[in-house]
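Everything on this sheet refers to the single structure shown next.
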Amino acid sequence: MSPGKVGSIMKADVAVVGAGPAGLAAAVAAAEAGALVAVVDAGAQPGGQFWRHRPETVVPEPDGSGHHGWRSYVDLRARFDAARRRGQIIYLPGLQVWMPEKNDAGFTLHTTPAVARARSEDAATNDPAGSGAGNGPAGSGTVVARRLVLCPGGYDRQLPVPGWELPGVMAAGGIQAFLKGNGTLPGRRFVVAGTGPFLLPVAAGIAEAGGQVLAVLESSSPAAWLPHLRAAAGVPEKALEGAEYAAVFARHRIPYRTRSIVTEILGQDRASGVRTAKVDADGRVRPGTEGVYDDVDVVGFGWGFTPQMELPVALGADTRLDADGSLVGIVDERQESSIPGLFLAGEVTGVGGASLAVIEGLTAGAAAARERAADKADASRATRHRRFAEAMHHAHPVPAAWQEWLTPDTTVCRCEEVTASQITEARDTLGARDSRSLKSFTRAGMGWCQGRVCGFAAGCLAAGQRVSASAQSLSDAAKRPLGAPVSIGELASLETDS
Amino acid sequence: MNASSDVLVIGAGVIGAATAYFAAQQGLTVTVLDKGLPASGTSSACEGNILVSDKELGPELELTRYSLAVWHGDLSEHKKLWEFESKGGIIVASRESSLASLHRVMTVQTGYGVAVEELDRDALREAEPHISPEALGGASYREDCQVQPMLVAAHLVRLATEAGVRFLAETPVTGFLRSGDRVTGVRTPRGDFAAGAVVNCTGTWAGELAALAGVNVPVLPRRGFVMVTEPLPPMVHHKVYAAEYIDNVGSSDAGLQGSPVVESTPGGNILIGSTRERVGFDRSVSTSALRLLARNATALFPFLEDVKAIRHYHGFRPYCPDHLPVIGHDDRAPGLWHAAGHEGAGIGLSAGTGKLLAQAIGGQSPDLDLSPFAPARFGSPADPTPAHHEEATA
């Protein structure tokens with residue numbers, strides 16, 4: 001297939017969505033297997049959330065400080081740039097897919113400029129390959145490819161807590177993205193809370209950048225890892241990472257409190273403090289253990305991750321519930337989904353971190369480029385990482401009793417300002433037992449974010465269950481017929497085949 | 001066998017919910033079954049229109065006016081539950097020819113008592129400041145209203161259950177109980193339910209269910225897409241349609257049609273409807289439908305060009321070949337009643353339909369003659385000719 005644009009239509013053998021660890025790896029592997037690859041990414045430069053770095057126009061050669069697996073990034077990035085110079089990768093940054101289509105020719109991706117298109121205006125022009133800038137159309141466009149690799153990643157899973165709608169409350173990943181993207185911090189004094197190993201790099205990053213971390217509150221306990229030590233031992237680099245964070249925590253005297261949660265955000269117009277408590281193994285508050293941190297600028301929450309499932313769901317890929325209660329895509333050993341020609345890699349097949357995402361991306365990219373079995377060594381590394389991820393999900397569950405932390409007035413859907421009592425009332429009196437009817441009856445999940453933030457919590461509340469909504473309910477919630485907001489003007493000028 | 005009731009309503013969409021509500025008001029014992037949850041069919045995928053402006057003269061206009069009186073009368077105490085808004089509709093003409101036909105329609109409607117008022121260029125702009133500079137004039141229909149349709153269905157079911165109605169979700173009907181010709185109840189995975197009257201309120205599935213009882217009720221799906229924008233400050237104050245909307249409603253053309261209907265919701269989002277396509281139950285997203293919606297909407301309100309759509313949805317309007325709903329007793333299968341096929345007007349017509357049907361089932365003479373909607377007009381299954389004939393000439 002000859003490369004290039006036909007009008008605003010870009011044709012390729014393989015399209016890759018996402019340029020984080022999985023997407024970069026997939027693009028590189030597919031290009032090195034001889035395919036012409038189009039890479040669509042919402043970011044202004046390669047790296048995704050995990051390897052987000054300051055604009056290359058400002059800092060041309062980032063040294064990778066504050067990053068993990070930076071060597072892996074440098075290697076993939078060099079191969080990515082080389083493939084671009086050979087004309088084998090067409091890089092389209094600053095674009096989001098608002099609708100994917102499966103048709104006889106393969107897949108068609110309709111794109112629109114990404115909403116948060118930070119500094120991409122100057123980057124999305126025809127710069128020489130090798131810069132972080134792309135060579136795609138500056139506006140929206142269509143990508144047509146025989147095979148598709150979706151690597152859209154995930155975002156922080158959030159649980160509502162009284163006061164979380166106040167400014168100054170952020171996703172833990174949001175703090176990290178702010179720091180990586182700007183080189184500065186969004187405040188001075190931080191509390192980081194939730195569960196899972198991801199809280200560690202966030203807190204360490206804040207401390208290394210000069211911020212003060214008053215506490216890291218982890219709802220789980222280290223003892224929760226005990227049944228899973230074999231799985232953990234299978235991935236020794238994780239232990240090494242852990243040791244590095246321990247050193248940073250010691251150096252900056254960051255208190256790490258386990259079996260602890262934030263029960264309320266304090267403050268009038270913005271967060272100024274938090275109320276905390278110790279919890280039992282189910283996450284139930286232990287009376288008499290309450291405490292307060294005053295003079296807090298920013299509270300960061302992370303309760304694991306939610307894979308970004310709208311594109312796989314829109315294309316009809318089969319899904320399942322993962323160990324952490326997330327909806328994920330089902331793939332075979334070549335990362336191919338139930339839809340022939342559609343490959344999934346990274347968090348959308350199960351939240352498992354960047355190293356696993358790279359392995360999956362390499363496998364998916366190579367398989368999408370040509371019929372090829374999975375590499376045996378890669379497959380066994382992937383298996384070890386998946387076991388580790390599963391152990392992690394079991395050791396850091398969303399606490400079973402989280403709904404008890406809510407008051408009737410606690411906001412659950414921040415976009416539409418829907419409270420916990422409105423949701424439980426719609427469930428109990430109107431029969432809103434799934435996310436779909438809940439949306440219509442209460443408007444929870446109907447706002448700008450389309451339930452990406454509150455979807456998990458609202459789904460659990462509707463199901464009347466403590467930590468898990470049904471796969472059907474989550475899949476309905478992930479059905480967002482527009483993968484991204486798109487202007488009416490763009491829709492009016494759509495190219496269609498009819 | 002479950003306890004027997006006077007009335008068994010199949011389907012907890014807005015039509016079934018209204019029927020159950022009014023049957024209970026009549027003092028009848030009622031059971032409602034739905035194969036899923038309340039309002040999970042067309043009621044959840046429409047715009048919540050209660051329109052007078054788009055009705056053709058004849059039985060449907062009569063039913064509309066009756067229904068409107070029920071919304072404002074029997075149901076007025078519940079208005080707030082379902083975000084009832086008497087916002088009024090405006091039909092906008094952008095060509096001299098369509099303005100002329102709009103004036104003709106207005107004259108006839110006025111003769112039949114429809115409250116319609118002409119808007120000249122300036123009056124139109126006063127009512128809708130952001131309308132396109134191309135718009136020449138319009139007509140204002142203050143009786144047009146809007147509700148949140150899922151809330152209507154869910155609250156009517158709730159109110160009915162509080163009045164003693166038994167409601168079972170996730171209970172699909174798999175067959176009918178018969179005594180000779182007579183329908184005496186239904187069969188479900190949760191056992192049999194006997195009833196004096198069995199009412200088919202299953203919307204787009206009504207034809208399928210009728211076939212289970214051996215009668216022909218040709219209800220067909222007509223797909224429609226609706227687009228939803230990001231929330232905005234008030235920019236559109238009425239339901240605003242283009243003059244050609246009226247022509248499309250009565251048409252049976254299978255091809256993609258669209259006429260703009262633009263309106264704000266209480267949440268600030270703007271709804272952009274709607275397309276009409278006869279493509280069966282095809283759920284795939286059609287880029288040409290989205291493009292048509294976008295083009296029509298920006299022609300009416302140019303500011304929409306830069307506004308973001310955040311989602312779209314589609315539903316299937318249940319319609320009969322003669323574009324009239326099926327309401328009443330089915331003489332071909334005694335004991336079986338239907339209330340279905342309201343096409344794009346089901347929300348508006350639900351209140352009247354439910355009340356009239358409850359009267360008829362309760363043995364009273366209904367406030368409005370239901371004979372134009374009689375199911376038997378479609379003939380016997382062995383002789384489906386009348387239905388096909390009407391379709392060909394519609």
Side-chain angles (χ1 to χ4, degrees), chain A residues 98-103 108 110 112-113 115 142 310 314-316 415-418 425-434 436-443 445-452 462 472-473 476 479-498, chain B residues 12 34 36-40 43-45 81 148-151 153-155 157-158 161-162 167 169-170 225 227-231 255-256 265-270 272 284-299 301-314:
Chain A
W98 65 265
M99 188 171 90
E101 282 182 290
K102 171 100 177 88
N103 43 42
T108 300
H110 298 279
T112 184
V115 177
T142 304
E310 41 273 88
L315 287 166
C415 298
E416 295 287 336
E417 298 175 358
V418 182
E425 196 187 318
R427 176 193 70 200
D428 297 339
T429 65
L430 298 181
R433 298 210 303 266
D434 61 1
R436 186 168 166 280
S437 42
L438 189 67
K439 265 202 292 196
S440 309
F441 297 156
T442 68
R443 301 189 58 79
M446 291 276 251
W448 178 256
C449 88
Q450 290 287 286
R452 286 173 177 91
Q472 183 60 46
S473 181
D476 284 346
K479 267 184 201 133
R480 300 189 179 94
L482 292 177
V486 55
S487 78
I488 309 282
E490 279 179 79
L491 292 173
S493 56
L494 263 181
E495 301 279 336
T496 66
D497 20 80
S498 50
Chain B
D34 195 284
L37 296 174
S40 35
S43 303
S44 69
L81 292 177
Q148 209 277 35
M150 285 189 75
L151 287 177
H155 278 291
V157 169
R158 176 184 64 81
T161 50
E162 284 168 13
F167 171 62
E170 284 153 1
F225 276 92
M227 214 144 65
V228 185
T229 72
E230 61 189 307
L256 174 64
T265 62
N269 313 80
I270 292 177
I272 298 173
S284 61
V285 175
S286 149
T287 44
S288 30
L290 296 180
R291 180 176 61 178
L292 187 63
L293 286 176
R295 287 184 176 177
N296 284 339
T298 49
F301 287 103
F303 79 86
L304 287 171
E305 180 113 352
D306 297 321
V307 171
K308 299 269 189 195
I310 59 172
R311 68 175 171 273
H312 58 73
Y313 57 89
H314 62 272

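Here is how names work: the chains are called A, B, and so on, in the same order as the sequence lines, proteins then strands, and each is numbered from 1.
Note that SG of A:C415 and CD of B:E230 are 12.0 Å apart. Values are rounded to the nearest 0.5 Å. Note that CZ of B:R291 and OG of A:S493 are 9.5 Å apart. Values are rounded to the nearest 0.5 Å. Within the model, atoms CG of B:L37 and CG of A:L438 stand 11.5 Å from one another, a figure rounded to the nearest 0.5 Å. In this structure, the separation between CZ on A:R480 and CD1 on B:I310 is 11.0 Å, given to the nearest 0.5 Å.
Using a 4.5 Å cut-off between heavy atoms, B:T229 contacts chain A through its side chain alone, with no backbone atom that close. Within the 4.5 angstrom heavy-atom criterion, atoms from both the backbone and the side chain of A:M446 approach chain B. Looking at B:H155, the atoms closer than 4.5 Å to chain A (heavy atoms on both sides) sit in the backbone and in the side chain alike. Of the atoms belonging to A:R443, it is side-chain heavy atoms, and not backbone ones, that fall under 4.5 Å from chain B. For B:Q148, the part lying near chain A is the side chain, with the backbone staying farther off; criterion is any non-hydrogen pair under 4.5 Å.
Across all non-hydrogen atoms, the minimal contact from B:V285 to A:E101 is O-OE2, 4.3 Å. Contact detail for B:A294 and A:A492: the closest heavy-atom pair is CB-N, 3.5 Å. Closest of all the heavy-atom pairs between A:L430 and B:L151 is CD1-CD2, 4.3 Å. B:M150 approaches A:F441 most closely through the heavy-atom pair O-CE2, 3.3 Å. Contact between A:L482 and B:R311 at its shortest, heavy atoms only, is CD1-N, 3.4 Å.
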message: side chain to side chain contact (heavy atoms under 4.5 Å, CB included) for A:I488 and B:M227? Distances and angles first, verdict last.
response: CA-CA 9 Å; A:I488 309 282; B:M227 214 144 65; 3.9 Å; yes

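No donor-acceptor distance shorter than 3.5 angstrom exists from the side chain of B:R158 to the backbone of A:T429, with no hydrogens or angles considered. Remark: side-chain polar atoms of A:E490 are not paired, donor with acceptor, to backbone N or O of B:K308 under 3.5 angstrom.
Between chain A and the residues B:A154, B:A309, B:A169, the largest count of heavy-atom pairs under 4.5 Å involves B:A309. With chain A as partner, the option from B:L304, B:I272, B:V307 having the largest number of non-hydrogen pairs under 4.5 angstrom is B:V307.
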